[in-house]
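Note: hydrogens, waters and symmetry copies are ignored here, and every other heavy atom, side chains too, is used.
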Amino acid sequence: MDEAAGDLKLALPNVCDSFKVHVEVHQKSNSGVKSDDIRVHVMQLLNRHCMVFGDYTWTEFDDNFLMKNVVSIAIVDTELKLKNRQPIDLRKCNVLVHIFQLNEEGPSAEKLEEENEDLVAANHWLLPAVDFHGMWESLVYDSEVKSNLLDYVTTTLLFSDKNVDSNLIAWNRVVLLHGPPGTGKTSLCKALAQKLSIRLSCRYRYGQLIEINSHSLFSKWFSESGKLVTKMFQKIHELIDDKEALIFVLIDEVESLTAARSASRAGTEPSDAIRVVNAVLTQIDQIKRYPNVVILTTSNITEKIDMAFVDRADIKQYIGPPSAAAIFKIYLSCVEELMKCQIIYPRQQLLTLRDLEMIGYLENNVSKLSLLLNDIARKSEGLSGRVLRKLPFLAHALYIQSPTATIERFLQALSLAVDKQFEERKMISECV
């Protein structure tokens, strides 16, 4: 699927196909050199550094060609398949190199005409996009969510390539992520679209993400919503016709478009809702014939979704609040970012939970700080990922208020910010 694999097999004849290593190469936006030329220099770098421990990123190079044309070279997603930290010999792996440039234009608006008005029905990105750069890495989950989603899309492409009869074996190219608000469902959909646009860059020239504005499609003119849904999907069909593009359709809060028809028939929902659901289901059934489209949906209230839509979803993945271990990883990434920006100074190494277990919790400052961060993560359980990402900012704003702080002072502030968050929640719940 990726021509880079063939290149590496020529250089390294003893390739083991049992484990794939993905290498993402971010080409500078002003670089016009060919991907094949970049690939040659990347392979030379990897041959010099053939032993790695998990994910690793190069941003500085002693190769003038790479220095001039490349922002970064990253070995990615090894932790999705390898549960224990261990050395990886690139010479014995199937190495896939993905070269990409980021689109810097931002989203454009897809508009529909309705009663002489322009209705913004969707936002449209060309992928990979600057807006979503780094989003995949920032999302931390306890289960194999990321790995399962990547494998799912790989299988949809394989079955399409092999012309598997969809009347005998059914798949609809629909993913449903459900769970409480703030757990990163929408971000995961966008990050997945970005990741796959990079992974499949040798197959598709670019990706496109269409984020449907579900609420805008409920027309203020009664009974027009079903027609608007059909019009929106007609635009999507035009994009799908471009065989060089990989299309992702994102429907956030899908329950607003697929409200259970049982409620409508019972008289608790307007009949317009039935038309909308029928239009969505009809369009999904038509789209599933195309190999270059994936429909990504999210919901906070799954019990309100029509079961006919739920049945069409190939994957129904629950996304819940992160565990203490996942929170620790989130906080650790925040601390490392603030160290990089010299807001936490001087820079000091913190250990992961796995590293702490391996060294046996030695009595030193690094271990003590890492254990303190772990304690803060434990008492943060119950907070959503959205809230957790805000807490380092609030810790600085409320309890530090100076350009720089030591790691010790920052962790104390973070602990106070967590306590304040729970206090505020308690006060709000008591007022309701």
Side-chain angles (χ1 to χ4, degrees), residues 79 83 85 134-146 177-188 191 298 300 317-341 343-345 347-359 361 365-402 404-432:
E79 77 284 355
K83 297 306 174 188
R85 186 177 174 84
M135 187 178 285
W136 177 265
E137 292 74 20
S138 73
L139 297 168
V140 180
Y141 300 100
D142 299 294
S143 62
E144 298 173 339
V145 174
K146 289 181 174 180
L177 304 182
H178 61 96
T183 51
K185 300 181 297 294
T186 304
S187 295
L188 180 56
T298 73
N300 299 330
Q317 175 68 55
Y318 175 75
I319 308 292
S323 68
I327 294 171
F328 181 90
K329 289 182 181 178
I330 291 170
Y331 282 157
L332 187 59
S333 68
C334 294
V335 167
E336 288 172 346
E337 175 66 15
L338 292 175
M339 285 181 179
K340 186 182 79 173
C341 298
I343 291 174
I344 295 178
Y345 187 85
R347 193 178 188 114
Q348 197 163 342
Q349 183 68 36
L350 287 181
L351 299 173
T352 66
L353 293 178
R354 190 178 295 164
D355 289 336
L356 282 170
E357 291 169 359
M358 288 175 63
I359 66 173
Y361 303 101
N365 195 47
V366 172
S367 290
K368 288 178 181 177
L369 291 172
S370 302
L371 289 170
L372 175 57
L373 183 59
N374 187 42
D375 290 339
I376 297 171
R378 286 183 180 281
K379 76 173 183 178
S380 301
E381 283 190 277
L383 298 177
S384 70
R386 181 184 297 160
V387 171
L388 293 169
R389 291 285 179 187
K390 291 179 182 176
L391 286 177
F393 170 84
L394 294 174
H396 187 280
L398 298 175
Y399 303 109
I400 296 177
Q401 302 167 350
S402 62
T404 61
T406 63
I407 181 64
E408 291 88 350
R409 186 181 175 198
F410 176 80
L411 291 180
Q412 291 169 0
L414 181 60
S415 182
L416 292 171
V418 172
D419 293 338
K420 184 174 177 61
Q421 189 67 219
F422 281 108
E423 288 170 12
E424 290 174 348
R425 286 188 163 206
K426 184 179 179 182
M427 291 178 65
I428 290 173
S429 64
E430 288 174 352
C431 293
V432 174

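When all heavy atoms of P322 and L383 are compared, the pair lying nearest together is CD-O, 3.6 Å. For the pair R409 and T404, the tightest heavy-atom approach, listed with the atom from each and the gap, is NH1-O, 4.3 Å. For the pair Q349 and V366, the tightest heavy-atom approach, listed with the atom from each and the gap, is O-CG1, 3.3 Å. The minimum heavy-atom distance between P392 and L338, with the atom names listed, is CB-CD1, 4.3 Å. The two atoms that bring P181 and S384 nearest to each other are O-CB, 4.0 Å, heavy atoms only. Of all non-hydrogen atoms in H396 and S402, the two that sit nearest each other are NE2-O, 2.7 Å.
Summarising the local packing, CZ of R378 is surrounded by 12 or fewer heavy atoms from other residues, nucleotides or ligands at distances under 6.0 Å. Counted within 6.0 Å of CZ on F422, heavy atoms from surrounding residues, nucleotides or ligands total more than 12; the atom is thus considered enclosed.
Taking CG from L372 and OG from S367, the interatomic distance works out to 12.5 Å, rounded to the nearest 0.5 Å. Remark: L394 CG to L416 CG distance equals 12.0 Å, nearest 0.5 Å. Here the straight-line distance linking atom OG1 of T183 with atom CG of L188 works out to 9.5 Å at 0.5 Å rounding. Here the CG atom belonging to N374 is positioned 11.5 Å from the OH atom belonging to Y331, to the nearest 0.5 angstrom. Atoms CG and SG, on L391 and C334 in that order, are 8.5 Å from each other to the nearest 0.5 Å. Rounding to the nearest 0.5 Å places OG of S323 at 3.0 Å from CG of D142.
Side-chain atoms of E336 and L350, non-hydrogen and from C-beta on, never get closer than 4.5 Å to each other. E408 is listed as a side-chain neighbour of Q348, based on a closest heavy-atom distance under 4.5 Å. In this structure the side chain of Y399 never reaches within 4.5 angstrom of the side chain of Q412, judged on heavy atoms. Residues S333 and R389 are in side-chain contact: their nearest non-hydrogen atoms beyond the backbone lie under 4.5 Å apart. Put simply, the side chain of K379 reaches to within 4.5 Å of the side chain of S415, judged on heavy atoms.
Side-chain N or O atoms of K185 include none that pairs as donor or acceptor with a backbone N or O of N300 at under 3.5 Å. With hydrogens and angles disregarded, no donor-acceptor distance shorter than 3.5 Å links the side chain of K146 to the backbone of Y141.
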Margin query: Between L373 and L369, is the side chain to side chain contact (heavy atoms under 4.5 Å, CB included) condition met? List the steps.
Written below: CA-CA 6 Å; L373 183 59; L369 291 172; over 6 Å; no
Checklist line | side chain to side chain contact (heavy atoms under 4.5 Å, CB included) between L411 and I376, worked out | finding: CA-CA 8 Å; L411 291 180; I376 297 171; 4.2 Å; yes
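In this structure Y318 satisfies the ring-ring contact (aromatic ring centres under 6.0 Å, His included) test together with H178, sequence neighbours excluded.
Under the 4.0 Å criterion applied to side-chain N and carboxylate O atoms, K420 and E423 are not assigned as salt-bridge partners.
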